[in-house]
Amino acid sequence: MTNTNAQTPRIAIVGSGFAGLGAAVSLKRQGFDNIVIFEKASDVGGVWRDNDYPGAACDVQSYLYSFSFAPNSQWGNTFARQSEIYAYLRKVAVDFDLLPHIRFNTSVDAARWDAGRSIWRLDTAGGVTEVEHLIVATGALSEPAIPNLKGIEQFNGEVFHSARWNHSFDLEGKRVVVVGTGASAIQFVPAIQPKVDHLTLFQRTAPWVLPRHDRPIGSVERTLMGTVPLLQQAERARIYVQREMAVLGFRNPLLMRIGEFQAKRHLRDQVADPELRAKLTPDYRLGCKRILISNEYLRSLDRPNADVVTSGIREVTADGVIDNDGVLHPADAIILGTGFKTARLPLTDAIEVDGRTMGETFGKSPRAYLGTSVAGYPNVYLMHGPNIGLGHTSVIQMFESQVNYIVDAISHAASQNAGAIEPTAEAQEQFGQLVDRLTEGSVWTSGGCDSWYLDQTGRNSNLWPGTTFDFSARSKRFRADDHVLTPAKVAS
Ligand SMILES: Cc1cc2nc3c(=O)[nH]c(=O)nc-3n(C[C@H](O)[C@H](O)[C@H](O)COP(=O)(O)OP(=O)(O)OC[C@H]3O[C@@H](n4cnc5c(N)ncnc54)[C@H](O)[C@@H]3O)c2cc1C
């Protein structure tokens, strides 16, 4: 649906990462150009601006981990590094003329729905702004999770989170404790291990690690990809289809044994010490937590200057970290690879209708229609909302599908001269039931692990458990019957 209404509604987008920029481009292309983008930081890029730790890179091939409307033939590697992805997003903002729409250094702190006027009132760091539609693109992985380590305040050394890397602290020759073994840690651990005096890794859960089939992209290939766009489209399609097949494994956990076999062989190839290998062997089904890829991580832990501690942290002292066996691990720095606050999409606790926040409505298990709109909360859309995350492929596929739905919803409201649109509670419930059905028996619930994919109630409210192809088809078919419209108020 394209906007054919002479009056374009005012639309606010909060956040300028992949989701916010992608939404803005698609809305502008459909004729909705009355857009303001609020960004609390001083630049676009989201996680790719913030996560500049050594070794940071994507773990989905870049020909796919990029917008379909902005192909890039100049990736330096099949899995691009953080600096390239950050530069790509800055270029998208320039090429699609988004910068004039962005208010940098301006956080949105609260949003209240004025039902009498069908308007969202936004409290921002730059004052109050009123808009008809609100798109929340604040990122599911944008707020670092800082563990509450007993005694951390007495530590004499440096402490920082991987998403806020302290580049002015020189790690050369230092004793470093790393906490966590998630997607970020497995990238920065091998990058820092060769330069530190000693690295102690505190591991709660061993991740499954598969080889990373990365390679530099030479100038000939880059030129070809740039001059024959069809080539890049074909490569993107190939990667897309290959990754979609993985859903079969997530939904049929026994198939994951094939991947486990590969991962165990990879571990044997990389780690000679059998005791260490035992520590690094996961005790749950592959895919239950995020599958990680690296050619260096496991090997870097089998070096003389590295130790893996699995007993947990008892406390931090002035000189280092004491594990649960009472052993002190002296440290000059503690690096937290402890991931992000994932229980809530930032801002949802400050989006209010009739005095009730969206966070309160979500309770312990958030639900949204197509992971995007919420019954009782008109004219607001969550990018990376409940069940938008993915375990197998690029989340940008999901963002582009979400925006198709958002454009249709806004267009439908405008074409019916409605002031407000929201999903019906029944339609939202049906979507929730679909998610539950697709999740049943999957590796996420039967794989024998605790993961952030499952919420406090044990329900999958984070991942889309189907193919992105299926989600895209559902997002393209706008169902007017699934929505309630409120007539626009006539100005008196
Ligand atoms: C290190 C790392 C690697 C990743 N690699 C991959 C990968 O390989 N493949 C994949 O599919 N996914 C990956 N992801 C997941 C990643 O989160 C998404 O791919 C995507 O980049 C998220 O984009 P986003 O726009 O939703 O959120 P973000 O990139 O987090 O952007 C949110 C933006 O909103 C701003 N913001 C937040 N709150 C406010 C507020 N109140 N007011 C104003 N502005 C606000 C933030 O400053 C930020 O700029 C990775 C994540 C991380 C952290």
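As the structure lists them, so they are numbered: ligands from 1, and atoms in each ligand from 1. For reference, positions follow the sequence shown, starting with 1.
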| message | I want to know if ligand 1 touches H384 in the polar sense, i.e. an N/O pair below 3.5 angstrom. | response | no
| said: Considering non-hydrogen atoms of the protein only, which is the closest contact for atom 51 (C) of ligand 1, and what is the distance? | reply: L141 CD1, 3.8 Å
| Given F18, F399, F188, which has its nearest heavy atom closest to atom 26 (O) of ligand 1? | F399
| Considering distance alone, does some N or O of A57 sit under 3.5 Å from an N or O of ligand 1? | no
| Does M383 have a heavy atom less than 4.0 Å from any atom of ligand 1? | no
| task | Could you tell me which atoms of ligand 1, counted from 1 in the order shown, lie closer than 4.0 angstrom to a heavy atom of Y53? | result | 1 (C)
| Would you call the rings of Y88 and F18 parallel, tilted or perpendicular, where under 30° means parallel and over 60° means perpendicular? | tilted
| task | Considering only non-hydrogen protein atoms, determine which one is nearest to atom 29 (O) of ligand 1 and report residue, atom name and distance to 0.1 Å. | result | V47 N, 2.8 Å
| Closest candidate by heavy atom, reference atom 20 (C) of ligand 1, pool F79, Y65, F104, F38 | Y65
| field | Exercise: do Y297 and T181 side chains pair donor with acceptor under 3.5 Å | value | no
| For atom 34 (O) of ligand 1, closest protein heavy-atom neighbour | G15 CA, 3.2 Å
| query | Looking at C58, which atoms of ligand 1 are within less than 4.0 Å of one of its heavy atoms? | reply | 8 (O)
| message | Below a 4.0 angstrom heavy-atom separation, can you tell me which part of V395, side chain or backbone, both or neither, approaches ligand 1? | response | both
| Does R212 make a cation-pi contact with F79, if we ask for NZ or CZ under 6.0 Å from the ring centre and within 45° of the axis? | yes
| Under 4.0 Å to a heavy atom of G46 - the qualifying atoms of ligand 1, by number | 28 (P), 29 (O), 31 (O), 48 (C), 49 (O)
| query | Using the ring of each side chain (for Trp, its six-membered ring), is W48 parallel, tilted or perpendicular to Y65, with breaks at 30° and 60°? | reply | perpendicular
| said: Quick test: of every protein heavy atom, which one is nearest to atom 40 (C) of ligand 1, and how far off is it to 0.1 Å? | reply: V14 CG1, 3.7 Å
| query | Is it the side chain (CB and beyond), the backbone, both or neither of R49 that lies under 4.0 Å from ligand 1, heavy atoms counted? | reply | side chain
| Closer than 4.0 angstrom: is that true for some heavy atom of S394 and an atom of ligand 1? | yes
| request: Give a yes/no verdict on a cation-pi contact between R204 and F202, requiring under 6.0 Å between NZ or CZ and the six-membered ring centre and an angle within 45° of the axis. | output: no
| remark: One finds that the ligand 1 atoms under 4.0 Å from a non-hydrogen atom of T393 are 11 (O)
| message | Nearest 0.5 Å, please: how far is OH in Y377 from CD1 in I351? | response | 9.0 Å
| query | In the protein, what heavy atom is nearest to atom 49 (O) of ligand 1, and what distance, to one decimal place, separates them? | reply | E39 OE1, 2.7 Å
| field | Side chain, backbone, both or neither: A137 near ligand 1, heavy atoms under 4.0 Å | value | backbone
| task | Heavy-atom distances under 4.0 Å are what count here, so tell me which part of T138 touches ligand 1: side chain, backbone, both or neither. | result | both
| task | Check whether any side-chain heavy atom of W113 sits under 4.5 Å from a side-chain heavy atom of S118, and report yes or no. | result | yes
| Distance-only polar pair, side chains of N72 and S66, donor-acceptor under 3.5 Å | no
| Parallel, tilted or perpendicular: ring planes of W165 versus H167, cut at 30 and 60 degrees | tilted
| said: Just to check, does E143 reach to within less than 4.0 Å of ligand 1 when the distance is taken from its heavy atoms? | reply: no
| field | S107: numbered ligand 1 atoms lying under 4.0 Å from its heavy atoms | value | 42 (N), 43 (C)
| request: Could you find the nearest protein heavy atom to atom 43 (C) of ligand 1 and give me its residue, atom name and distance? | output: K40 N, 3.3 Å
| field | Shortest protein contact, atom 7 (C) of ligand 1 (heavy atom only) | value | D59 OD1, 3.2 Å
| Should you measure from each heavy atom of S142, which atoms of ligand 1 turn up under 4.0 Å away? | 30 (O)
| query | Just checking, any donor-acceptor pair under 3.5 angstrom between side chains of Q402 and T372? | reply | yes
| D43 versus Y86, side-chain donor and acceptor atoms under 3.5 Å | yes
| Which ligand 1 atoms, with their elements, are less than 4.0 angstrom from a heavy-atom of A19? | 24 (P), 25 (O), 26 (O)
| task | Considering only non-hydrogen protein atoms, determine which one is nearest to atom 3 (C) of ligand 1 and report residue, atom name and distance to 0.1 Å. | result | W48 CH2, 3.5 Å
| message | Regarding E400 and S68, do their side chains bring together a donor and an acceptor under 3.5 Å, going by distance alone? | response | yes
| said: Donor-acceptor check, side chain of N387 to backbone of W464, threshold 3.5 angstrom: yes or no? | reply: no
| said: Using ring centroids (six-membered ring only for Trp), state whether H161 and F340 fall under 6.0 Å. | reply: yes
| message | If we count only N and O atoms by modelled type, under 3.5 Å, do the side chains of S365 and D455 hold a donor and an acceptor together? | response | yes
| request: Rounded to the nearest 0.5 Å, what's the gap from CD1 on I35 to CG on L98? Could you check? | output: 7.5 Å
| query | In ligand 1, which numbered atoms sit nearer than 4.0 Å to a non-hydrogen atom of V60? | reply | 8 (O), 9 (N)
